[in-house]
There are 2 protein chains.
Amino acid sequence: MAADNTSYKDKKVMTIGIISELTGLSERKIRYYEERKLIFPERTGKGTRKYSFSDVERLMEIADHIEDGIQTYEIKKELKKKQNREERNKMIRGQLNAQFNMRK
Amino acid sequence: MAADNTSYKDKKVMTIGIISELTGLSERKIRYYEERKLIFPERTGKGTRKYSFSDVERLMEIADHIEDGIQTYEIKKELKKKQNREERNKMIRGQLNAQFNMRK
DNA sequence: CGTGTAAGGAATTCTGACACG
DNA sequence: CGTGTAAGGAATTCTGACACG
């Protein structure tokens, strides 16, 4: 139990060149999906983008959707829904824990 | 059972700048440890070094040893011993599996 | 032996823009 | 809308070498 995930998967450590190789997407596309708020790389001190393995997975999803003719705006909405679901679950879990602890 | 590890941990995807940040070691040191055959980054098409999270862990170990005054040559010998141990274990496991399968 | 540094070149990344559609 | 490309600058990485010790 508890927050273990300082996992490697979410560490933002890769430059765009490697991400391009890993996903097969052009750098142009990758930057564009960021512009459309579909991915959120971090930046080094001087502005170079840094991505995680999670971002790679996310980009693959995005590419699939684009290929199906879905627009970036729709993909973003879907992403938001997913985040809301997780948000809600987290809250419910929190409340359950609170009740549980009160009974101790 | 079986070989799962196409894990993120061993993927060589980080440039030396990030490795330097992650380990706190200068790029000079990192390149030198490679020269002494203590780490083995891959290379991109045009020669840029690429490291994995395993390499980061390995570099931390190396740094600890260096700090203790151990020479790179000794560290390398130790690395070899470790690898031999793993080699042996793998072989024994292989033999056991072979015997086990024969009885089936 | 282990590490810093200045040197020069090559490769990478960044942004804003024009293009097509 | 999604993506390619040429443009120019800034930052990164690479190698071989000299330095100190």
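Hydrogens, waters and symmetry mates are skipped; everything else that's a heavy atom, side chains included, is used.
Residues meeting the ring pair (Phe, Tyr, Trp, His ring centres under 6.0 Å) test with F53(A), sequence neighbours left out: Y8(B).
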For this session: Step by step, work out the side-chain contact (heavy atoms from CB on, under 4.5 Å) result for R36(B) and I75(B).
Result: CA-CA 10 Å; R36(B) 304 314 313 272; I75(B) 301 176; over 6 Å; no
Exercise. Can you list the steps and then say if K77(A) with K80(A) is a side-chain contact (heavy atoms from CB on, under 4.5 Å)?
Worked result: CA-CA 5 Å; K77(A) 279 204 297 187; K80(A) 269 184 192 154; 5.6 Å; no
For this session: Test K90(A) against E87(A) for salt bridge (charged side-chain N to carboxylate O under 4.0 Å, His left out), laying out the working first.
Result: CA-CA 5 Å; K90(A) 208 167 288 175; E87(A) 205 50 44; 5.1 Å; no
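Inspection of the S54(A) and D10(A) side chains reveals an N or O donor paired with an N or O acceptor under 3.5 Å.
The OG atom of S52(B) lies 7.5 Å from the CD1 atom of I19(B); values are rounded to the nearest 0.5 Å. For the atom pair CD of E27(B) and OG1 of T15(B), the computed distance is 8.5 Å after rounding to the nearest 0.5 Å. Atom CG of L79(B) and atom CD1 of I39(B) lie 11.0 Å apart (nearest 0.5 Å). Considering CG of D55(B) and NZ of K9(B), their distance stands at 11.0 Å, rounded to 0.5 Å.
Annotation: proximity of residues 32-42 of chain A to DNA chain D (heavy atom, distance under 4.0 Å) is found for Y32(A), Y33(A), R36(A), numbered in ascending order. Of the residues in residues 65-80 of chain A, those lying under 4.0 Å from DNA chain D by heavy-atom distance are I66(A), Q71(A), T72(A).
With a 4.5 Å cut-off on side-chain heavy atoms, V56(A) and Y51(A) do not count as touching. Here the side chains of I66(B) and T72(B) are in contact, with some heavy-atom distance below 4.5 Å. In this structure the side chain of I30(A) never reaches within 4.5 angstrom of the side chain of R49(A), judged on heavy atoms.
Grouping the Ile, Leu, Val, Met, Phe, Trp and Tyr side chains by contacts below 4.5 angstrom, directly or via other members, places I70(A) with L59(A).
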For this session: Dot-bracket for DNA chain D, please, read 5' to 3', with Watson-Crick or G-U wobble pairs under 3.5 Å on both distances, ( ) within the strand, [ ] crossing, | other strand, . unpaired.
Result: .||||.||.|.|.||.||||.
Write out a two-atom table: protein N or O, nucleotide N or O from nucleotides 17-19 of chain C, distance below 3.5 Å.
none

Distances under 3.5 Å between protein N/O atoms and the N/O atoms of nucleotides 12-14 of chain C, please, pair by pair.
{"from": "dT12(C)", "atom 1": "OP2", "to": "K46(B)", "atom 2": "NZ", "distance (Å)": "3.3"}
{"from": "dT13(C)", "atom 1": "OP1", "to": "T15(A)", "atom 2": "OG1", "distance (Å)": "3.0"}
{"from": "dT13(C)", "atom 1": "OP1", "to": "G17(A)", "atom 2": "N", "distance (Å)": "3.0"}
{"from": "dT13(C)", "atom 1": "OP2", "to": "E27(A)", "atom 2": "OE2", "distance (Å)": "3.3"}
{"from": "dC14(C)", "atom 1": "OP1", "to": "R49(A)", "atom 2": "N", "distance (Å)": "2.7"}
{"from": "dC14(C)", "atom 1": "OP1", "to": "R49(A)", "atom 2": "NE", "distance (Å)": "2.9"}
{"from": "dC14(C)", "atom 1": "OP2", "to": "R31(A)", "atom 2": "NE", "distance (Å)": "3.0"}
{"from": "dC14(C)", "atom 1": "OP2", "to": "R31(A)", "atom 2": "NH2", "distance (Å)": "2.9"}

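The 12-atom threshold is exceeded at CZ of F40(A), counting heavy atoms of other residues, nucleotides or ligands nearer than 6.0 Å.
Note: CG (L59(B)) to P (dT3(C)) measures 12 Å, nearest angstrom.
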